[in-house]
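Heads up: the structure comes next, in structure tokens.
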Amino acid sequence: MTGERLGYAPGVFDLFHVGHLNILRRARDHCDRLVAGVCSDELVERLKGRPPVVPLAERLQIVRSVRHVDDTYVATVDDKIEIWKEVGFDVIFKGDDWLGTDVWTRLEAEFARVGVRVVYFPYTVHTSSTLLRDALRLLGEQGPSKPAPGRLAGPRPSATGS
């Protein structure tokens with residue numbers, strides 16, 4: 001890779017939402033090639049204490065289909081330095097909800113020693129996967145809501161009736 005800057009955007013990417021899309025879009029603007037690191041199901045369970053809603057194979061398919069992503073990497077460990085040794089990225093991207101945390105302050109120092117930049121983007125709080133997961137849990141407890149009378153639940157029919 002001569003002269004190209006490789007970016008890395010790690011995440012679970014469970015219940016893919018606009019916040020994920022925004023991070024990947026903005027990350028791609030700051031590098032020549034973007035690799036999205038998708039956490040394995042086992043890693044998600046170790047880190048969050050619960051499995052992802054969407055299995056790894058499907059999360060990979062979703063993330064690979066995003067035009068801003070050039071490649072994906074399955075993260076089986078949480079050690080970002082170990083991942084850097086395998087992937088070889090020049091810049092790593094993270095939501096600014098991690099800015100100033102002990103973990104990422106330490107990582108910034110470690111990455112600086114090997115010439116990797118850490119770039120934070122604004123986190124989309126109102127569409128986090130945790131909020132979506134909580135909404136799904138509540139929906140399951142309360143039962144599904146029905147569309148308002150006269151409202152279609154699916155796509156609109158075409159003007160030609162086909």
Side-chain angles (χ1 to χ4, degrees), residues 6-31 33-89 91-111 114 116-147 153-155:
L6 182 62
Y8 182 73
V12 175
F13 299 107
D14 197 18
L15 300 174
F16 196 89
H17 55 76
V18 73
H20 294 135
L21 182 61
N22 288 340
I23 292 264
L24 295 172
R25 180 185 309 122
R26 293 191 70 192
R28 188 61 173 83
D29 289 341
H30 288 79
C31 59
R33 289 183 35 77
L34 179 63
V35 174
V38 181
C39 295
S40 70
D41 293 344
E42 296 79 17
L43 180 58
V44 174
E45 194 149 5
R46 275 197 315 270
L47 295 175
K48 297 189 179 235
R50 62 182 182 265
V53 173
V54 179
L56 176 62
E58 292 178 25
R59 289 183 288 124
L60 281 169
Q61 214 173 7
I62 291 165
V63 172
R64 284 179 180 143
S65 72
V66 174
R67 70 179 172 159
H68 310 292
V69 174
D70 295 297
D71 203 357
T72 55
Y73 171 84
V74 176
T76 58
V77 297
D78 190 35
D79 187 330
K80 303 294 187 283
I81 297 297
E82 286 302 312
I83 293 170
W84 167 75
K85 289 175 183 176
E86 286 188 39
V87 177
F89 50 85
V91 58
I92 187 169
F93 306 100
K94 201 68 181 159
D96 68 359
D97 53 322
W98 290 95
L99 180 63
T101 63
D102 290 342
V103 169
W104 278 87
T105 299
R106 179 185 51 76
L107 277 171
E108 285 177 37
E110 288 181 48
F111 279 134
V114 295
V116 173
R117 281 188 328 127
V118 177
V119 175
Y120 297 95
F121 295 125
Y123 183 69
T124 310
V125 175
H126 61 280
T127 55
S128 77
S129 294
T130 300
L131 291 175
L132 291 171
R133 183 188 302 270
D134 290 345
L136 286 172
R137 182 181 47 76
L138 286 174
L139 179 64
E141 292 170 4
Q142 298 172 358
S145 62
K146 295 179 183 171

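Count residues from 1 along the sequence. A quick note: this is a predicted structure, and the numbers were derived from the prediction, not measured.
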Sidechain-backbone polar pair: Ser65 side chain, Ile62 backbone, donor-acceptor under 3.5 Å: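 A pair under 3.5 Å: yes.
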
Taking only Lys NZ, Arg NE, NH1 and NH2, and the carboxylate oxygens of Asp or Glu, determine whether Arg28 and Asp70 approach each other closer than 4.0 Å.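 Salt bridge between Arg28 and Asp70, a charged N being under 4.0 Å from a carboxylate O: yes.
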
Give a yes or no on whether a salt bridge exists between Asp78 and Arg46, defined as a side-chain N under 4.0 angstrom from a carboxylate O.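 No, no charged N to carboxylate O under 4.0 Å.
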
Exceeds 12 heavy-atom contacts within 6.0 angstrom, atom [atom1] of [X]:
| X | atom1 | value |
| --- | --- | --- |
| Gln61 | CD | no |
| Arg67 | CZ | no |
| Asp79 | CG | yes |

Taking the side chain as C-beta and beyond, is there a heavy-atom pair between [X] and [Y] under 4.5 Å?
| X | Y | result |
| --- | --- | --- |
| Glu82 | Val87 | no |
| Asp41 | Pro51 | no |
| Leu43 | Leu47 | yes |
| Phe13 | Val66 | no |
| Val118 | Leu107 | no |

Heavy atoms only: give me the nearest [X]-[Y] pair and the separation to one decimal.
| X | Y | answer |
| --- | --- | --- |
| Leu21 | Phe16 | N-CZ, 3.8 Å |
| Leu15 | Val54 | N-CG2, 4.0 Å |
| Cys39 | Leu56 | O-CD1, 3.7 Å |
| Lys94 | Pro10 | NZ-O, 4.1 Å |
| Val69 | Thr72 | CG1-CG2, 4.2 Å |
| Arg59 | Pro52 | NH2-CG, 3.7 Å |

Would Ile83 and Val77 satisfy side chain to side chain contact (heavy atoms under 4.5 Å, CB included), going step by step from the backbone distance to the final call? CA-CA 8 Å; Ile83 293 170; Val77 297; 4.2 Å; yes

For the residue pair Tyr120 and Trp104, categorise the inter-ring angle as parallel (less than 30°), tilted (30 to 60°) or perpendicular (more than 60°).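 Perpendicular.
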
Does Asp14 form a side chain to side chain contact (heavy atoms under 4.5 Å, CB included) with Val44? I'd like the steps, not just the answer. CA-CA 10 Å; Asp14 197 18; Val44 174; 5.9 Å; no

Working to the nearest 0.5 Å, report the span between [atom1] of [X] and [atom2] of [Y].
| X | Y | atom1 | atom2 | result |
| --- | --- | --- | --- | --- |
| Leu34 | Arg26 | CG | CZ | 13.5 Å |
| Arg33 | Leu6 | CZ | CG | 6.5 Å |
| Cys31 | Arg117 | SG | CZ | 9.5 Å |
| Arg25 | His20 | CZ | NE2 | 13.5 Å |

Test log, rule side chain to side chain contact (heavy atoms under 4.5 Å, CB included), inputs Trp84 and Ile92: CA-CA 9 Å; Trp84 167 75; Ile92 187 169; over 6 Å; no

Ring-ring centroid check Phe93 Phe121, cutoff 6.0 Å: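 Yes.
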
Under 6.0 Å between the ring centres of Phe111 and Phe89?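 Centroid distance Phe111-Phe89: below 6.0 Å, so yes.
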
Do Lys48 and Val12 pass the side chain to side chain contact (heavy atoms under 4.5 Å, CB included) test, and can you show the C-alpha distance, the side-chain angles, and the key distance before you say yes or no? CA-CA 10 Å; Lys48 297 189 179 235; Val12 175; 3.8 Å; yes

